[in-house]
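The structure appears below as structure tokens.
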Amino acid sequence: MTIQTSNKQGNLVNGEWIKSEETFLVENKYTHEPFAHVAKANKQLIDKAVTSAYDTFQNVKLTATDRHHILIRSAELFKERKDEIAMIICREAGKTINDAKAEVDRGIQTFIASAEEAKQISGQGLPIHGQPGNDEKMAFSIRVPVGVICAITPFNFPFNLTAHKVAPAIAAGNTIVLKPAERTPVTAIKIAEIMLKAGLPSGYINVVNGFGKETGPMLLKDKRIAMFTFTGSPNVGREIKNNSGIRKVTLELGSNSPNIIHHDTLDLKRAVQLVISRGYSNSGQACISVQRIYVHRSIYHEVIEEATKLAESFTVGNPELETTNIGPMISIDEAERAENWVKEALEEGAHIATGGQREGALFYPTILTNVTENMKVMCEEVFAPVISIVPYDEIDEVFKRVNDSRFGLQAGLFTSNFHIAMKAAQKLEFGGVNINDVSTFRADILPYGGIKDSGIGKEGPRSAIEEMTNEKVITMHL
Ligand code: NAD
């Protein structure tokens with residue numbers, strides 16, 4: 001499939017695609033050939049983009065019905081262009097074509113759910129009479145858009161995670177300055193292009209491209225931006241929080257997601273199939289990717305054997321082929337980092353059941369055993385197709401070990417014991433707990449977000465709209 005890489009692939013300001021002298025290269029992550037040259041935004045252009053978003057927010061109002069229709073129309077156009085968008089994701093992110101198509105499908109649902117929410121935004125009636133002396137008053141609240149939202153996105157789900165920011169922002173009546181990940185900006189550019197085609201007025205979405213270290217501080221300094229919605233690494237999240245002042249911030253950050261397989265699991269085969277396939281999908285580069293697997297000692301060896309067989313059955317290679325299960329990591333550097341972490345774990349006493357090999361950016365599905373909780377592959381976010389399997393004896397003991405992490409995004413637990421399931425729901429310190437499913441499961445319509453170093457605030461269309469609006473309280477003396 002030929003993908004058009006025209007000079008439109010740049011910065012969008014007030015409905016106009018601005019060319020720039022300076023461009024940066026986006027490479028095909030499998031072949032390492034040039035995929036696109038993207039115009040880089042400088043200080044003046046960023047200023048213009050924020051001005052466009054700010055002026056549009058002040059002067060161009062869309063009704064809730066308009067916003068609903070634009071988001072639905074966008075979803076229809078994405079559907080028509082699904083194959084093209086999936087191929088862009090496949091080439092610029094290295095994601096397998098099957099996973100890329102699935103991502104587009106999910107993103108379309110995120111747009112549709114946001115469109116539905118656009119019609120449901122409301123405040124609440126407030127019980128002012130509950131306080132003595134207020135019988136002659138009434139009170140209620142309304143929800144109002146915050147204004148200009150700056151959305152900063154990561155490389156790993158360039159379509160759906162951008163959708164999780166731009167669709168609720170528009171649903172709530174805000175305007176956007178979007179700064180996509182520099183390694184995968186073309187997908188985001190396509191989203192903006194299609195939203196304009198769907199009838200979004202110029203200035204509602206503006207796109208600025210460049211490297212986070214340069215563009216980030218320029219955006220953070222601009223006080224006309226009312227809110228930052230960020231998905232990415234914990235270190236950058238911390239920087240954004242520290243530099244955003246008293247403005248609203250949502251941070252969707254990383255994790256080292258744990259998954260527990262208890263001995264009473266009704267369908268052990270399904271459990272192993274899920275932890276393995278979801279640990280390696282997108283080469284392990286998902287914030288809720290299965291990383292730590294805790295297995296009851298009575299089934300430990302059986303699980304390792306089955307997991308190893310499965311891991312070895314995966315085809316690693318060209319992501320454009322439908323037969324490929326695991327494509328390249330985002331860069332050779334990242335694959336080298338994963339390789340070093342595995343080597344380090346082995347030097348510290350871990351055993352390797354399978355994997356560990358690297359060919360350029362391709363990293364083979366790896367299973368480690370005999371690990372300890374202070375090894376990087378366990379306590380840091382590995383963000384690579386590397387899984388560690390650990391035995392446990394008591395369920396309370398494993399809950400403690402699972403919680404003993406600076407991260408808290410999502411956890412998975414497989415058990416047929418209702419009591420244990422409910423105990424996990426209560427005791428596990430995470431933003432989400434999936435029972436009889438993996439940490440990687442996410443229904444896009446639900447609230448989603450982490451605690452501890454995994455982030456602040458929730459996404460999912462309804463929750464994101466709550467974050468992206470202010471509740472204004474109205475009182476009236478009768
Ligand atoms: P990253 O933090 O390197 O980059 C994310 C974005 O931040 C990019 O657009 C980048 O240009 C920008 N950025 C970099 N430095 C910046 C700065 N100083 N100021 C402002 N912006 C800056 O992350 P990545 O490598 O693209 O993505 C991987 C990370 O994202 C992992 O840690 C992963 O767990 C996390 N993630 C979290 C979720 C979630 O929902 N919790 C989802 C996907 C990815």
Side-chain angles (χ1 to χ4, degrees), residues 102 106 109-110 113 157 160 164 252-282 284 286-300 302-304 306-307 310 367 373 378 381 387-455 458-463:
R106 282 182 62 183
Q109 290 307 316
T110 304
F157 287 83
N160 194 30
H164 269 290
E252 302 292 341
L253 312 175
S255 191
N256 57 349
S257 299
N259 289 264
I260 303 168
I261 307 182
H262 204 46
H263 58 74
D264 59 11
T265 305
L266 278 185
D267 190 345
L268 183 60
K269 210 170 165 176
R270 172 179 173 269
V272 177
Q273 168 79 41
L274 276 174
V275 288
I276 291 300
S277 60
R278 305 317 293 166
Y280 298 138
S281 62
N282 203 24
C287 48
I288 41 183
S289 196
V290 173
Q291 179 172 332
R292 301 180 280 158
I293 308 180
Y294 292 87
V295 179
H296 191 265
R297 200 176 297 277
S298 60
I299 52 169
Y300 179 64
E302 189 186 342
V303 167
I304 292 177
E306 194 56 32
L310 271 173
I367 297 177
E373 257 117 6
M378 285 287 284
E381 179 179 40
I387 283 172
S388 294
I389 307 186
V390 188
Y392 70 88
D393 297 299
E394 298 295 331
I395 202 77
D396 287 328
E397 162 219 333
V398 79
F399 285 176
K400 274 204 195 100
R401 288 164 76 183
V402 156
N403 283 340
D404 187 17
S405 165
R406 69 184 175 99
F407 299 112
L409 192 47
Q410 293 209 140
L413 164 68
F414 292 85
T415 181
S416 58
N417 182 319
F418 182 74
H419 176 72
I420 289 178
M422 288 301 101
K423 204 168 175 182
Q426 208 160 48
K427 298 265 178 209
L428 295 185
E429 295 162 2
F430 291 84
V433 176
N434 295 327
I435 294 162
N436 290 325
D437 217 321
V438 269
S439 57
T440 323
F441 172 73
R442 175 183 183 184
D444 292 287
I445 202 163
L446 296 186
Y448 173 85
I451 59 169
K452 303 183 189 172
D453 281 1
S454 292
K458 290 276 189 215
E459 285 199 340
R462 184 173 301 176
S463 307

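- Taking the side chain as every heavy atom from C-beta outward, D404 and E373 never approach each other to under 4.5 Å.
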side-chain contact (heavy atoms from CB on, under 4.5 Å), that's the test. Do E252 and Y448 meet it? Break it down for me.
CA-CA 9 Å; E252 302 292 341; Y448 173 85; 4.0 Å; yes
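- Atom CZ of R442 has more than 12 neighbouring heavy atoms from other residues, nucleotides or ligands inside a 6.0 Å radius.
- Heavy atoms only, all atoms of each residue included: V402 and P258 are closest at CG1-CG, 3.5 Å.
- Counting heavy-atom neighbours within 6.0 Å of I435 CD1, excluding the residue itself, gives a total above 12.
- Y392 has its ring centre less than 6.0 Å from the ring centre of H296.
- In plain terms, the two heavy atoms of A424 and L413 that are nearest each other are CB-CD2, 3.4 Å.
- Between S257 and S439, the shortest heavy-atom contact is CB-OG, 3.4 Å.
- The pair D396-K427 fails the salt-bridge criterion, with no side-chain N (NZ, NE, NH1 or NH2) lying under 4.0 Å from an Asp/Glu carboxylate O.
- In plain terms, the two heavy atoms of K452 and S405 that are nearest each other are NZ-O, 2.9 Å.
- In this structure, the side chains of F414 and V295 stay at 4.5 Å or more apart for every pair of heavy atoms.
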Could you check V390 against Y300 for side-chain contact (heavy atoms from CB on, under 4.5 Å), going step by step and ending with a plain yes or no?
CA-CA 8 Å; V390 188; Y300 179 64; 5.7 Å; no
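- Among residues at least two apart or in separate chains, there is no side-chain hydrogen bond (donor to acceptor under 3.5 Å, both in side chains) pair with a member in residues 267-279.
- I387 places none of its side-chain heavy atoms less than 4.5 Å from the side chain of V275.
- Using a 4.5 Å heavy-atom cutoff, the side chains of L253 and D453 are not in contact.
- When all heavy atoms of P461 and D444 are compared, the pair lying nearest together is CD-O, 3.1 Å.
- Minimum interatomic distance between G408 and S255 (heavy atoms only, all atoms of both residues): N-OG, 4.4 Å.
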Under the criterion side-chain contact (heavy atoms from CB on, under 4.5 Å), I'd like the reasoning laid out for F441 against L274: C-alpha separation, chi angles, the key distance, then a yes or no.
CA-CA 10 Å; F441 172 73; L274 276 174; over 6 Å; no
Candidate pair I367 and I276, rule side-chain contact (heavy atoms from CB on, under 4.5 Å), full reasoning:
CA-CA 9 Å; I367 297 177; I276 291 300; 4.2 Å; yes
